[in-house]
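Note that the numbering runs from 1 along the sequence shown for the chain.
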Amino acid sequence: LTNRFGNRLNNPGPGERHFKVIESGTGRMASFARWDFPHKPVEKASEEVEEGGNMDATSLPEGANVAACLEMFGGLDKMQKKWVDEENMYLMGLLATDPEFQGRGCGTMLLRHGLEMADRDGRKAYIEATPAGLPLYKKLGWVVVDETEIANASRDTPEDERRWINWIMIREPVANA
């Protein structure tokens, strides 16, 4: 997915802003985030979210479970359509931390930076949580409002990996932040 994310970094959509944490001694990127700021939505030809949402099979890496990916990303796009008011909300669109820097607060710093801006503007913030991020997001004030699930019934998939859940979370602005 490096090409997909790289393209978004170099060609951000309306309202998208990217932030990064750089290790000062080496210049290595430790973490990066994509926040979508409140903006006027771009007119789309169809209001209906198709399978895969804004992703298609050709953008997936070789060997990916295409059906599962399209179901997952289509489900997440449907949740964004349901819960996000693009003109009035901040959306945490992507957060990634190099494994060597995980647990050092880089991701938290990027989340807090966006939340401080949302709080100053008096705006809600949206995020989609996996089990790994859920505790941190709750700690930062997001609340679960919905969930989307896919069941990967492939025989090759271990039993404990057959059910994937993303929790949809909203954070109300904090006054005097």
Side-chain angles (χ1 to χ4, degrees), residues 1 4-25 27-44 47-49 53-55 72-150 164-177:
L1 295 177
R4 178 181 168 80
F5 293 142
N7 187 44
R8 292 278 298 268
L9 286 168
N10 293 319
N11 303 293
E16 287 185 356
R17 302 290 184 273
H18 295 93
F19 301 89
K20 58 187 174 180
V21 175
I22 303 294
E23 182 181 46
S24 57
R28 284 182 56 202
M29 183 165 50
S31 190
F32 71 92
R34 180 180 72 235
W35 277 96
D36 290 12
F37 287 34
H39 64 280
K40 184 168 178 58
V42 175
E43 289 292 324
K44 296 177 183 139
E47 288 296 315
E48 184 65 28
V49 176
N54 66 10
M55 176 175 278
M72 181 181 78
F73 288 109
L76 292 173
D77 285 350
K78 286 176 185 173
M79 286 295 171
Q80 284 186 23
K81 184 166 178 49
K82 177 179 177 181
W83 288 100
V84 175
D85 174 0
E86 292 179 64
E87 291 188 52
N88 294 301
M89 292 176 74
Y90 281 70
L91 180 140
M92 165 40 64
L94 180 63
L95 178 66
T97 301
D98 183 313
E100 289 185 39
F101 292 93
Q102 289 178 353
R104 297 187 193 178
C106 299
T108 302
M109 183 184 332
L110 293 168
L111 291 169
R112 284 191 173 137
H113 182 68
L115 292 173
E116 288 169 3
M117 290 184 283
D119 289 342
R120 276 195 304 271
D121 287 350
R123 311 279 183 143
K124 293 180 182 181
Y126 170 98
I127 197 166
E128 297 154 356
T130 62
L134 187 65
L136 173 61
Y137 305 153
K138 284 182 174 181
K139 184 177 176 182
L140 293 174
W142 271 287
V143 176
V144 173
V145 294
D146 210 340
E147 70 179 44
T148 184
E149 173 185 357
I150 69 162
W164 301 333
I165 295 179
N166 282 96
W167 289 276
I168 308 308
M169 303 180 82
I170 302 286
R171 182 181 177 276
E172 296 289 334
V174 176
N176 302 319

Which pair of heavy atoms, one from Phe32 and one from Leu94, lies closest together, and at what distance?
CE1-CD2, 3.5 Å
Got Arg123 and Met117 here, is their nearest side-chain heavy-atom distance under 4.5 Å?
no
Shortest non-hydrogen contact from Val145 to Trp83?
O-CZ2, 3.6 Å
Taken in chain and number order and not counting sequence neighbours, the residues that satisfy side chain to side chain donor-acceptor pair (under 3.5 Å) with Arg28 are Asp98, Glu100
Taking side chain to side chain donor-acceptor pair (under 3.5 Å) as the definition, give me every residue that meets it alongside His113, ordered by chain and number, with sequence neighbours left out.
none
Presence of salt bridge, Arg112 and Asp119, under 4.0 angstrom
no
Test item: Leu115 and Trp35 side chains (from C-beta on) under 4.5 Å apart, heavy atoms
yes
Using 0.5 Å steps for rounding, measure from the CE atom of Met79 to the OG1 atom of Thr148.
4.5 Å
Closest approach of Arg171 to Gly141 (non-hydrogen atoms, all atoms of both residues)
CG-O, 3.6 Å
Could you tell me which residues satisfy side chain to side chain donor-acceptor pair (under 3.5 Å) with Lys82, sequence neighbours excluded, listed by chain and number?
Asp146
Quick one: does Leu111's side chain get under 4.5 Å of Ile127's, heavy atoms only?
yes
Can you find a heavy atom in the side chain of Arg34 that is under 4.5 Å from one in the side chain of His18?
yes
Value for CE (Met169) from NZ (Lys124), rounded to nearest 0.5 Å, stands at 14.5 Å
Restricting to ring-ring contact (aromatic ring centres under 6.0 Å, His included), what partner residues turn up for Tyr90, sequence neighbours left out?
Phe37
Can you list everything that forms a side chain to side chain donor-acceptor pair (under 3.5 Å) with Glu147? Sequence neighbours excluded, please.
Trp167
Any residue meeting salt bridge (charged side-chain N to carboxylate O under 4.0 Å, His left out) with Asp85, in chain and number order, not counting sequence neighbours:
none
Walk me through it: do His39 and Glu16 pass the test side-chain contact (heavy atoms from CB on, under 4.5 Å)?
CA-CA 9 Å; His39 64 280; Glu16 287 185 356; over 6 Å; no
Shortest non-hydrogen contact from Ala125 toward Met89:
C-CE, 4.4 Å
Between Thr97 and Ser31, what is the shortest heavy-atom contact and its length?
OG1-OG, 2.8 Å
Going by the rule salt bridge (charged side-chain N to carboxylate O under 4.0 Å, His left out), which residues pair with Glu23 if we only count those two or more places apart in sequence or in a different chain?
none
Between Glu87 and Pro38, what is the shortest heavy-atom contact and its length?
O-CB, 3.4 Å
Would you compute the distance between atom NZ of Lys139 and atom CG of Leu136 and round it to the nearest 0.5 angstrom?
7.0 Å
Quick one: which residue pairs count as a side chain to side chain donor-acceptor pair (under 3.5 Å) with a foot in residues 127-137, not counting sequence neighbours?
Gln80-Glu128, Tyr126-Glu128
